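Working notes, structure below.
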Amino acid sequence: MYDYEDDEDDMFGTPPPTQNNTSIDFKSELNDDQYKAVTAPFGPALVLAGAGSGKTRTLTYRVAYLLTEGVSPENILLLTFTNKASKQMLGRVEELTGIGAHRFLGGTFHHVGGQVLRLFGDSIGLPRNFTILDDGDSDSLLNEVIRELDPGFFKSKENPKAKPIKGIISYARNVMLPVEEVAKCRYPSNGELLAKISSFMREYEETKISRGLVDYDDLLVLWLQVLEKNPEAAQYYQGRFSHILVDEYQDVNTLQSRIVDKIGINHQIMAVGDDAQCIYTWRGADIDQILGFPERHPGTQFFKIETNYRSSPEILKFANGILENRKANENFTKTLKPSQPHQDLPVVVPTIDTYQQANFILSKVEQLVNSGTSYNDIAILYRAHYHAMELQIELSRRDIPFVITSGMRFFEQAHVKDLVAQLRFVVNPKDLTAFQRFACLLPKVGEKTASKLLTITEKVSAEKSISLVSALSENEVLQKVPADAKEDWIGLVETLQSVAELTATASPSKVVDEAINGWYHEYLHATYENWPRREEDLESLVDFASKHENLAEMLTQLILLSSESGDRVVRKGESCLRLSTIHQAKGLEFKNVFIIGLADGLFPNKRAIDGEGDLEEERRLFYVASTRAERSLYLVFPMLSNQHGTQIRLIQSRFLKELPQTGYELYNVHAQNSFGHQPKGGRSKWSRYGGGRGGGDYRKSF
């Protein structure tokens, strides 16, 4: 737990007089589009700021402009999604105007919500000295509540643990949907959970209030309750803020939008964002909030900021082409305009498989670095973490420094280590470390208990002259397993024995597939809210396994690679290649960008293609990825994929197919040697052989 720190400024105090020490020439310091938005008449406004167009600058100067027009800083509310963005903007305003940043009420939605609750939370039964639960504490509290309401709930394998349930409750609260509806989408066949989750949520909320606790979501949920149930508080905020500015408005969820609309009852809102960069709907962002803004706020003025200060004209033409194929209201259409010098066209690169994809990228990286480019200026972006597994393997082998914006390196992830530990134990049953790794995943099993269980198993194995893996299911061992872990133990042991049987006759890929779809499959579903992504990571190990003759060899290579990637420490100030999911790369920019895995089923992903996901969001994700690049953009995809041990032929992403072939070059990998150099007598490395609208089938060239 941690206590919420109050802001020093007193919301009810008498504000000091506004002092504007700086005369700002807005006309000369802004481009025409920015100037129109910054100096917009008071009233509802929607500023659609394209990628790399200076959105932050526009917001900063808007605040400065309001001050020069006589608006008091205490009458301006600035809502952002990160504290860093708020501090940067208000710090810049202070530099421009001489007015202290402390005089504004600005920050993240949750930060401002916390301040509101300190003042008015008691009107809804929340003490002013409330404590905010961190993520782990809120998990523990919900776990406690569920065990009290239903002591046997977690004993059923069908039921998820507290953390995924908290994720369901959190999502439901932020999108303002009944929790049963959200739970039904996540666990459609779990009738027990659907019947009980409302009572879990209700008791969890009541327990928090009774103990003077709030979780992260409460800072918004209870803020809205204050505005809706306390007329005095609502009138105070509605009257105080004559100007409300919201950054990254495309990312607001229903709850945040409702709060803004409630305070901005007089339509004194300027929302700044880009509907084409709405890529977080999976965590609650609602694109309908930005699209429906004009209807909720009659008289909304539209301002479009389209001059891009980041990317070359060639990259911008490519990015604009991505958006041309989506359906959009005319008011929301934008065309990015270049301000940077011309560079090469974006390059589309089909490769045979993910290994050739990795080899091509590192060959091109080597060329860039040899020509004077810093590793820091190169980024490799992907739709899902597992798409970069082979690339990480090659980077480790070649000792190329790299960092991952999107989290841990592939082999360091908990779910990968969990599965590998089971395989290690089957190959070497004396591997106590591996046994402890997966045994400790069971309830009431710690390292000491795990060690005792393995000791007993070894004794039974020797006495009965059976394999150690077989001995795991003997009664003498089962009797020593904690009661809460017995059901899991039986499923785990069945999987280990099944995997052990297969190792003698089946290929490593089939063995790995068996392990993935055994006990650990159920464990993933019950433990992690994001189990589909973790499952995709594990399934990529099947392809890795298919490259090896036997399981022992595969594990040797995997463990060596894991050690290599884990031991490589990036020194302070060292130039590093950047690997990142596209979601984590939003807001960043790099001179040279590779987007990998651009094949249907990978990007866009299979769920979106099958109608279970949002295909248009996948398109927006592609747009965001492309606009990270400044000078060069490479779009790479494998034509073959190993899925469950079977080679599957892939086709280039439908988003690439939609684009005219004049917007990019097509690169023939097979005309190059392994380092990308042109062989003597070879054909040109640049070749236009279709693949775009009206073009032929790119596969003819291979």
Side-chain angles (χ1 to χ4, degrees), residues 1-7 10-12 77-81 83 86 105-142 144-145 165-179 182 197-241 244 246 251-265 283-286 289:
M1 298 183 187
Y2 56 93
D3 289 323
Y4 187 86
E5 295 181 2
D6 287 315
D7 199 292
D10 179 1
M11 291 194 208
F12 289 102
L77 173 61
L78 175 63
L79 292 170
T80 63
F81 276 83
N83 283 312
S86 174
L105 181 56
T108 65
F109 279 87
H110 295 86
H111 172 77
V112 175
Q115 292 193 343
V116 172
L117 295 180
R118 291 295 181 197
L119 291 174
F120 293 105
D122 55 355
S123 67
I124 58 169
L126 182 69
R128 294 195 180 188
N129 65 338
F130 64 82
T131 301
I132 301 178
L133 296 167
D134 64 22
D135 197 44
D137 289 327
S138 59
D139 288 346
S140 298
L141 180 59
L142 180 59
E144 174 192 329
V145 165
I165 293 176
K166 195 188 76 175
I168 292 171
I169 293 172
S170 174
Y171 186 84
R173 300 178 84 198
N174 279 279
V175 300
M176 303 187 76
L177 287 174
V179 69
V182 175
I197 193 165
S198 288
S199 61
F200 293 162
M201 176 177 173
R202 185 166 53 252
E203 185 67 21
Y204 175 59
E205 304 304 330
E206 291 174 358
T207 302
K208 283 184 294 178
I209 291 291
S210 68
R211 298 183 187 181
L213 305 172
V214 299
D215 63 19
Y216 197 58
D217 296 323
D218 287 324
L219 298 176
L220 302 185
V221 172
L222 299 182
W223 180 7
L224 181 59
Q225 281 188 26
V226 165
L227 295 174
E228 292 181 337
K229 295 182 178 181
N230 185 333
E232 177 192 354
Q235 290 170 12
Y236 168 70
Y237 288 112
Q238 290 162 355
R240 173 180 171 177
F241 297 118
I244 302 170
V246 188
D251 292 334
V252 298
N253 58 40
T254 306
L255 177 58
Q256 291 163 328
S257 176
R258 186 79 63 86
I259 290 169
V260 172
D261 288 351
K262 186 68 177 178
I263 300 174
I265 194 170
R283 68 183 188 195
D286 184 0
Q289 298 307 319

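Excluded from the calculations below are hydrogen atoms, water molecules and symmetry mates; all remaining heavy atoms, backbone and side chain alike, are included. Small disclaimer: the values here were computed from a predicted structure and weren't measured.
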**Item:** Interatomic spacing from CG in L227 to OH in Y236 - rounded to 0.5 Å
**Value:** 12.5 Å
**Prompt:** What is the minimum heavy-atom distance between S210 and T207, and which atoms define it?
**Reply:** OG-O, 2.8 Å
**Prompt:** Any salt bridge between K166 and D215, counting N to O under 4.0 Å?
**Reply:** no
**Message:** Any salt bridge linking E205 with R202? Criterion: basic side-chain nitrogen under 4.0 Å from a carboxylate oxygen.
**Reply:** no
**Request:** For residues Y204 and I165, determine if any side-chain heavy atom of one lies less than 4.5 Å from a side-chain heavy atom of the other.
**Result:** no
**Request:** Measure the shortest side-chain to side-chain distance between V214 and K208 over non-hydrogen atoms and say whether it is less than 4.5 angstrom.
**Result:** no
**Prompt:** Do we get R128 above F120's six-membered ring, with its NZ or CZ under 6.0 Å from the centre and within 45° of the axis?
**Reply:** no
**Message:** With heavy-atom distances below 4.5 Å as the criterion, would you say the side chains of R240 and L77 are in contact?
**Reply:** no
**Request:** Report the relative orientation of the aromatic rings in Y216 and H110; use parallel for angles under 30°, tilted for 30 to 60°, perpendicular for over 60°.
**Result:** parallel
**Complete:** Between A172 and V179 the two heavy atoms that sit nearest each other are CB-CA, 3.7 Å
**Request:** Verify side-chain hydrogen bond (donor to acceptor under 3.5 Å, both in side chains) between N174 and N253, making sure each step is shown before the conclusion.
**Result:** CA-CA 6 Å; N174 279 279; N253 58 40; 3.1 Å; yes
**Asked** Do you know which two heavy atoms are closest between V145 and F200, and how far apart they sit?
**Response** CG1-O, 4.0 Å
**Asked** So, N230 side chain and A233 main chain: donor-acceptor pair closer than 3.5 Å or not?
**Response** yes
**Request:** Taking Q256 for its side chain and F109 for its backbone only, find out whether a donor-acceptor pair lies under 3.5 Å.
**Result:** no
**Request:** Locate the shortest heavy-atom distance separating G125 from I209; write the atom from each residue and the value.
**Result:** O-CG2, 3.6 Å
